[in-house]
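First the structure, in the form of structure tokens, and then the observations on it.
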Amino acid sequence: MPVRTRLLSDEVYEYLLRCSSREPAVLARLREATAPLPESEMQIGPDQGQLMALLVKLTGARRCIDIGTYTGYSALAVALALPDDGCVVTCDVRAEWTELGRRFWREAGVESRVDLRLKPALETLDELLEQGEAERFDFAFIDADKPNYRTYYEKLLPLLRPGGLIAADNTLALSGAPILHQDSASANAMRAFNEHVHADDRVDLAMLSIGEGVTLLRKRGSSR
Ligand code: CA
């Protein structure tokens with residue numbers, strides 16, 4: 001049983017998985033390999049990985065950015081949904097985490113689609129912009145240090161094509177508790193992020209109560 005989604009009862013979550021989960025075996029093995037780690041609750045649930053794969057397919061994404069690799073579950077879920085020539089740039093600073101992910105990317109046969117950047121994600125985003133990658137990405141996932149969410153979002157927007165999608169994690173809860181009732185730097189940053197994107201007319205948005213809350217943000221084009 002994966003770490004349960006925090007916003008549903010155990011019973012309802014188990015039913016949800018029973019009726020919808022199609023977690024590929026390699027993702028299940030990565031989940032098992034991550035479970036003993038003290039930070040394993042940082043890993044997204046199988047339902048959320050499946051949602052991301054669906055979003056990649058819905059948007060026809062070929063080029064993606066994943067901020068907060070951890071042990072590579074989201075990068076793998078995205079890579080498996082990409083076409084052969086697709087690519088996901090995944091950003092983290094902890095090699096001991098990402099090495100575990102690399103093992104499973106290889107095992108899944110999608111290592112060539114995963115471009116790991118081991119340095120602060122803000123540096124990677126700046127580099128992509130400097131290298132002329134503006135509007136060349138289709139999909140991005142933010143699940144990293146919360147105080148930087150707004151900066152990640154602002155740097156991702158120019159990298160996304162009009163119609164491209166950002167999924168931001170932990171917009172309702174952190175470590176199992178609603179951000180509404182937390183007074184921490186991370187929870188305060190998430191509330192400020194939520195207010196910022198709600199008021200931002202550069203994007204369409206929807207907030208989903210999956211996992212610990214995911215906000216989908218679609219970059220508006222010139223006409224709509
Ligand atoms: Ca998260």
Side-chain angles (χ1 to χ4, degrees), residues 1-8 13 16-17 21 23 27-28 30-56 64-79 81 88-94 96-98 100-101 104 114 116 120-122 124-125 139-153 155-156 165-182 184-194 196-197 205-217:
M1 181 77 185
V3 175
R4 76 168 175 84
T5 194
R6 308 292 185 172
L7 303 167
L8 295 179
Y13 186 53
L16 179 155
L17 289 181
S21 182
E23 187 178 41
L27 277 174
L30 172 51
R31 175 179 308 291
E32 281 163 26
T34 302
L37 302 186
E39 315 85 357
S40 63
E41 66 164 29
M42 286 179 12
Q43 188 171 56
I44 61 170
D47 48 333
Q48 196 173 324
Q50 196 164 311
L51 170 69
M52 288 171 62
L54 184 69
L55 293 173
V56 165
C64 306
I65 302 178
D66 173 45
I67 298 182
T69 312
Y70 186 41
T71 60
Y73 190 96
S74 52
L76 181 52
V78 166
V88 51
V89 175
T90 185
C91 309
D92 212 300
V93 290
R94 299 270 299 265
E96 68 270 30
W97 290 345
T98 59
L100 184 61
F104 288 90
V114 184
L116 172 64
L122 292 176
T124 297
L125 297 178
F139 178 74
F141 180 52
I142 310 175
D143 188 13
D145 49 315
K146 308 312 170 200
N148 272 324
Y149 258 49
R150 182 165 167 173
T151 314
Y152 293 139
Y153 170 75
K155 288 181 185 289
L156 280 169
L165 193 69
I166 297 174
D169 197 38
N170 294 104
T171 53
L172 288 174
L174 280 171
S175 306
I179 57 169
L180 203 57
H181 305 311
Q182 292 187 50
S184 65
S186 292
N188 296 342
M190 290 313 298
R191 286 196 300 272
F193 174 79
N194 287 338
H196 177 61
V197 297
L205 85 168
M207 211 166 176
L208 310 182
S209 55
I210 187 172
E212 294 198 298
V214 173
T215 300
L216 301 181
L217 302 142

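We count ligands from 1, going down the list as the structure has it; atoms in each ligand are counted the same way. These numbers were taken from a predicted model, which means no experiment stands behind them.
Distance alone, capped at 3.5 Å, is enough to place a donor-acceptor pair between the Y70 side chain and the S40 backbone.
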Stepwise side-chain contact (heavy atoms from CB on, under 4.5 Å) test for L174 and Q182: CA-CA 9 Å; L174 280 171; Q182 292 187 50; 3.6 Å; yes
Walk me through it: do R191 and N188 pass the test side chain to side chain donor-acceptor pair (under 3.5 Å)? CA-CA 5 Å; R191 286 196 300 272; N188 296 342; 2.4 Å; yes
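Nearest heavy-atom pair across T215 and M207 is OG1-CG, 3.3 Å. Nearest heavy atom pair, residue D169 against residue Y149, reads O-OH, 2.7 Å.
The distance cut-off of 3.0 Å around the Ca ion (ligand 1) captures these protein N, O or S atoms, sorted by chain and number: D143 OD1, D143 OD2, D169 OD2, N170 OD1.
If you look at H196 and Y153, their ring centroids are closer than 6.0 Å.
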